[in-house]
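Here the structure comes first, spelled out in structure tokens, and everything after it is commentary.
Bear in mind that the values here come from a model prediction, so they are computed numbers and not experimental data. Chain naming here is simple, since letters A, B, ... match the order of the sequence lines and numbering starts at 1 in each. Excluded from the calculations below are hydrogen atoms, water molecules and symmetry mates; all remaining heavy atoms, backbone and side chain alike, are included.
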Amino acid sequence: MVRFLAMTANGLNDLNNPLTTSMLKPRVRFAPSPTGALHIGGVRTALYNYLFAKQHGGTFILRIEDTDQNRFVPGAEAYIIETLKWVGLLPDEGVAFGGDAGPYRQSDRKDIYQRYARELVERGHAYYAFDTPDALDARRQSEENFTYNYLTRSSLTNGLTLSPSEAQARVAAGEPCVVRLLVEPGQAIHVRDLVRGDVVFQSSELDDKVLLKADGMPTYHLANIVDDYLMRITHVIRGEEWLPSTAHHVLLYRGFGWEDTMPQFAHLPLILKPFGNGKLSKRDGAKFGIPVFPLEWNGATPDEHFSGFRDTGFLPEAVINFLALLGWHPGGEQEIFSLSELIEAFSIEHISKGGARFDYEKAKWFNQKYIQAADNAALATHIRPLAAAKGYATSDDFLAKVAALMKERVTFLPDFVEEGYYLFEPVRHYDDETLQKKWNAGLTPIFEELTARLATFEPFESGDLEGVVKNFISEKGLKPGDVLPLLRLAFAGTMKGPAVFDMAAALGRAETVERLRRFLAHAASFHAVGV
RNA sequence: GGCCCGUUCGUCUAGGGGUUAGGACGCAAGAUUUUCAUUCUUGUAACACGGGUUCGAUUCCCGUACGGGCUACCA
């Protein structure tokens, strides 16, 4: 970031320089692989890319990295797109979003990579290799630490050991082969990481990575460099698992002669399991009973079914807020950030270096805070399908009342109907323990009279109801504590829930009176049997 | 094994050569609330270890330990 600002400052002095002017408007990409449900860590990577781009008026690009045909999973690409839409991180360019640097799906760019692979061979920075995967596996079996590198390549079958004419002939004959990066030993390769500073690798430690596979598809390494170059990517913000191979990437930029426009790198700390060791994995969801994916995912087999934050009942804003603070913090004491506040506050230098443990309790707290702050009409739209699924037929007006009454006591969206079931359906079970404590036969006429009074009382609003009922209670020489808990039982059946008069007002006159009558019937029978 | 990265309360983190090491989640207690919850108050709890450098290190350097990542014709 410091570096970035420095470069933008230079750019202001030299607007003719395409590199520095492009730095004024960064172009970043989120480049997931469609191999299954998008991991929540991927969503965070997308978020950081998005925040960085938006803060600087730059461009956020979605690129689909589907170069591994064996791991392709149908539906995964659509899942990624739906996730980005749900959390509100809309790409400016990319698969399904248009743009003039496409195509944005790597499988649609196959010929481009082949062309560049050939170019790199011609430039002397890569070579054809004819060793079969089986042959290499055999070497790995027999040699403890076998690596395809400057020490071993002379003993393998490739464009360096074969005569040029023979190698050409083999390629021309269509013999299966790969293209490998030619790594020259003896160089120190510096990666200037925006999060970690200068990271140095010795080229002699690096292997001759495969760039183009025998099936004609590129590996990540080649595709990534070619695409970032052609798409004019200025900053690569990705997970820490890519840090070791960044040395290879630097070599590729050099080999192509693109070092001048090489993007800057920022490697993000990983998200760790909530308990135990290791990074968060998809199995942890089932193991700990928590979502680790944004959306529900239904794979081919039952054990490939995962629930997500959305179907668990999280608000996307809460997920974004939670994720933003998992590995980054601006330094103040603010915890709640809207997306636009995040765009404002984000900075790469405040990204933490250490891995962040996935703290589900904190995620729940964020959701609770966002539900509390949401307006009732908005909540009503979220509750509507949940209520419908339960078979409750209700109006938007009533749902907004439910939202108002319940929003301070729920954590997840489905809690509105799960916890607040009594607002939607008649009381089926009364808390008889409380009933036994509070009820006595002498109350019957009093409740009958109260019911009659409420049957005609106007206006049927919470404050007015409270006034009339409390007056009635004192008229009868009773205390609120004698009657209110019983009214609560009448309306909800349970001792938990919103204020008694709020419930009555939300339920409306007819339902309130009906519930009082049913309660009286129950109390009478309970008394007869129970005491 | 090799290479690379990391390490402040249980968790997410702020901070930074001299601080009562701050906030948030969680947990505990209290207040408010006729219930539950919300809200408020208070409490709980941390600089991994060992050497340096320094008048002084949690902060800088080096080791160690521990954790993590990479080490495929996967990304």
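Rounded to a whole angstrom, the distance from the C1' atom of C70(B) to that of A28(B) is 44 Å. Remark: the separation of the C1' atoms in U42(B) and G23(B) is 16 Å, to the nearest Å. Distance noted for atom C1' between G10(B) and C3(B): 33 Å (whole Å).
Taking all atoms of both residues into account, the shortest heavy-atom contact from Val73(A) to Thr35(A) is CG2-O, 3.3 Å.
Asp482(A) comes within 4.0 angstrom of no nucleic acid atom, judged by non-hydrogen atoms across all strands.
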Heteroatom pairs (N/O) under 3.5 angstrom, protein to nucleotides 6-8 of chain B:
none

Which protein N or O atoms sit under 3.5 Å from an N or O of nucleotides 39-50 of chain B?
{"residue": "U39(B)", "atom": "OP1", "partner": "Lys369(A)", "partner atom": "NZ", "Å": "2.7"}

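With both pairing distances under 3.5 Å, A46(B) is matched to nothing as a Watson-Crick or G-U wobble pair. Look at A24(B): its Watson-Crick or wobble partner, with both distances under 3.5 angstrom, is U11(B). C60(B) and G52(B) make up a base pair, with Watson-Crick or G-U wobble contacts both under 3.5 Å. Nucleotide G30(B): paired with C40(B) (Watson-Crick or G-U wobble, both distances less than 3.5 Å). The base-pairing partner of G6(B), taking Watson-Crick or G-U wobble contacts with both distances under 3.5 Å, is C66(B).
For His329(A), taking side-chain heavy atoms from C-beta onward, the closest of the listed nucleotides G1(B), A75(B), A14(B) is A14(B). Of the candidate nucleotides G15(B), U34(B), C3(B), U34(B) has the atom nearest to the side chain of Pro485(A).
By the 6.0 Å and 45° rule, Arg180(A) stacks over the aromatic ring of Tyr148(A). The cationic group of Arg170(A) lies under 6.0 Å from the six-membered ring centre of Phe130(A) and within 45° of the ring axis, placing it in a cation-pi geometry.
An OP1 or OP2 oxygen of A75(B) is reached within less than 4.0 angstrom by a side-chain nitrogen or oxygen of Lys213(A).
Taking the side chain as every heavy atom from C-beta outward, Leu487(A) and Met503(A) never approach each other to under 4.5 Å.
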